[in-house]
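This is a predicted model, so every value here is computed, not measured.
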Amino acid sequence: MTDFSSASYWAPRLAAELDAGGFEWLAGPAAVDFAERVVLDHLARRGGAGASSAADTNSATAAKPGTRAVSDTPVDPAMPADSAAHTSDDSCADSSRLRILHFGAGSSSLGPDLAARLAARGVCADIIDADYVDLPALPAASTSSSVTLARARIDVLDPAALASAIRERSAFDVVIDKSVADAISCGVAVRAPAGGAEANIEVEPLVALLANLHAATNAHATWASISYSGTRYDDLGPEDGWAILEKTLLAQVSGQPRLVDGRTVYEPETGVWGWVLERV
């Protein structure tokens, strides 16, 4: 049985995918649309420079912090560029830049594509593509932009690795993953982060991830989590440090095999869900 939480599985797979020109999974362009909107909504909620009208772009799924909004209809969250207020060049001081961590980046071009879109809107952001295995550079042909991002090795289940990333770059405002929560949930229990009520005991990987990301993010940070599961975060409680803002169906997967870059890809018959969580 494949262990989707194992580095021994992902390291050779990602290397092969990158050698072949890159491979995109989970909703492709819809995932970039979703991530872009989440970042703009984050800016609108915190009252910073960015997209003052972003929160109105999908009223069917927008929600106040701590509440749930659920849509079971796929949406196109992309907005015209002129709907966002742009930051000027002289406003892009380090203190005003959004710190964005795209973890489990693998062979995805989401990071560079999102960076290009935010730059086009005048949004100041530093985006890091990270994975828990070493990542070669993305092939130029695999991304729709010419943006090159820093690619870091960060194991989000390792509090020390995240703490090191914070020391180097400061805490994150937005974190993004595509099915990382799904993959780690296939793994065995891990040691609870030190300092918590459950320190020195073993917990489910998702519980550790919630705690580690809480420690690595700023107040009211936003987590955009793209998942095959429509119930991944249903059991969140106040003790987990994150509240659900939104759950949106981004795509419906047919369950039929399909050809992708000359390879047959088998996906489950399921939805691809976009979850938006806020640090509380």
Side-chain angles (χ1 to χ4, degrees), residues 2-11 14 25-26 31 34-35 38 42 99-106 108 110-111 127-133 135 152-167 169 171-247 272-280:
T2 301
D3 182 1
F4 290 105
S5 70
S6 170
S8 63
Y9 168 77
W10 285 110
L14 293 177
W25 66 96
L26 265 80
F34 172 71
V38 168
H42 172 86
R99 313 292 182 176
I100 301 176
L101 174 66
H102 173 212
F103 62 96
S108 173
L110 184 151
I127 303 178
I128 300 169
D129 267 352
D131 212 303
Y132 75 148
V133 297
L135 292 175
R153 183 171 182 173
I154 301 174
D155 182 354
V156 289
L157 290 181
D158 179 359
L162 278 169
S164 176
I166 293 172
R167 283 194 297 271
R169 304 176 177 92
F172 298 103
D173 302 296
V174 178
V175 292
I176 302 168
D177 82 278
K178 289 176 66 177
S179 204
V180 175
D182 297 340
I184 67 167
S185 294
C186 299
V188 299
V190 298
R191 186 70 59 184
E198 298 178 323
N200 298 319
I201 67 170
E202 290 190 336
V203 297
E204 293 298 315
L206 184 59
V207 173
L209 179 63
L210 290 164
N212 291 347
L213 291 181
H214 190 275
T217 50
N218 289 316
H220 306 295
T222 300
W223 178 2
S225 184
I226 302 171
S227 171
Y228 280 121
S229 174
T231 60
R232 178 63 61 209
Y233 302 101
D234 278 355
D235 295 330
L236 283 186
E239 70 280 1
D240 293 309
W242 296 90
I244 298 171
L245 298 184
E246 176 188 324
K247 170 186 167 185
V272 176
W273 297 90
W275 294 84
V276 183
L277 311 180
E278 184 180 43
R279 185 183 186 273
V280 293

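- Here the shortest heavy-atom pairing between Ala243 and Val280 reads CB-CG1, 3.9 Å.
- At least one side-chain heavy atom of Glu246 sits under 4.5 Å from a side-chain heavy atom of Phe34.
- For the residue pair Ile166 and Ala216, the shortest heavy atom distance occurs at CD1-CA, 3.1 Å.
- Partners of Asp173 according to the side chain to side chain donor-acceptor pair (under 3.5 Å) rule, which considers only residues two or more places apart in sequence or in another chain, are Asn218.
- Listed here is the closest heavy atom pair of Ala35 and Ile176: CB-CD1, 4.2 Å.
- The side-chain heavy atoms of His102 and Ser108, taken from C-beta on, include a pair separated by under 4.5 Å.
- Proximity of a side-chain donor or acceptor of Lys247 to a complementary backbone N or O of Gly230 within less than 3.5 Å is detected.
- Within the model, atoms CG of Asp240 and CG of Leu209 stand 11.0 Å from one another, a figure rounded to the nearest 0.5 Å.
- Here the CG-CZ distance, from Leu101 to Phe103, works out to 6.5 Å after rounding to the nearest 0.5 Å.
- In this structure, the side chains of Ile128 and Phe172 come closer than 4.5 Å at one or more pairs of heavy atoms.
- Side-chain atoms of Leu236 and Leu210, non-hydrogen and from C-beta on, do get closer than 4.5 Å to each other.
- Taking the side chain as every heavy atom from C-beta outward, Thr222 and Val38 approach each other to under 4.5 Å.
- Using a 4.5 Å cut-off on side-chain heavy atoms (C-beta onward), Trp275 and Arg232 make contact.
- Inter-residue side-chain proximity for Ser229 and Trp273 is flagged as unmet; no heavy-atom pair is nearer than 4.5 Å.
- Closest approach of Pro205 to Val190, counting heavy atoms only: CA-CG2, 4.1 Å.
- Heavy atoms only, all atoms of each residue included: Ala31 and Ile226 are closest at CB-CD1, 3.6 Å.
- A 4.5 Å side-chain heavy-atom check between Trp242 and Leu213 finds at least one atom pair inside the cut-off.
- Distance check, rounded to the nearest 0.5 Å: CZ of Arg191 to CD1 of Ile201 gives 9.0 Å.
- Side-chain contact of Tyr228 with Ser179: a donor-acceptor pair under 3.5 Å is absent, judged by distance alone.
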Report task. Determine, step by step, whether Asn212 and Leu162 satisfy the side chain to side chain contact (heavy atoms under 4.5 Å, CB included) criterion, reporting the C-alpha distance in whole Å, the side-chain angles of both residues, the deciding distance to 0.1 Å, and the verdict. Result -> CA-CA 8 Å; Asn212 291 347; Leu162 278 169; 3.6 Å; yes
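- Here Asp131 does not pair with Arg153 in a salt bridge; the nearest charged N to carboxylate O distance is not below 4.0 Å.
- Not counting sequence neighbours, the partners of Trp223 by the side chain to side chain donor-acceptor pair (under 3.5 Å) test are Asp177.
- Remark: Ser164 OG to Asp155 CG distance equals 12.5 Å, nearest 0.5 Å.
- Take Thr217 and apply the side chain to side chain donor-acceptor pair (under 3.5 Å) test, not counting sequence neighbours, and it matches Arg279.
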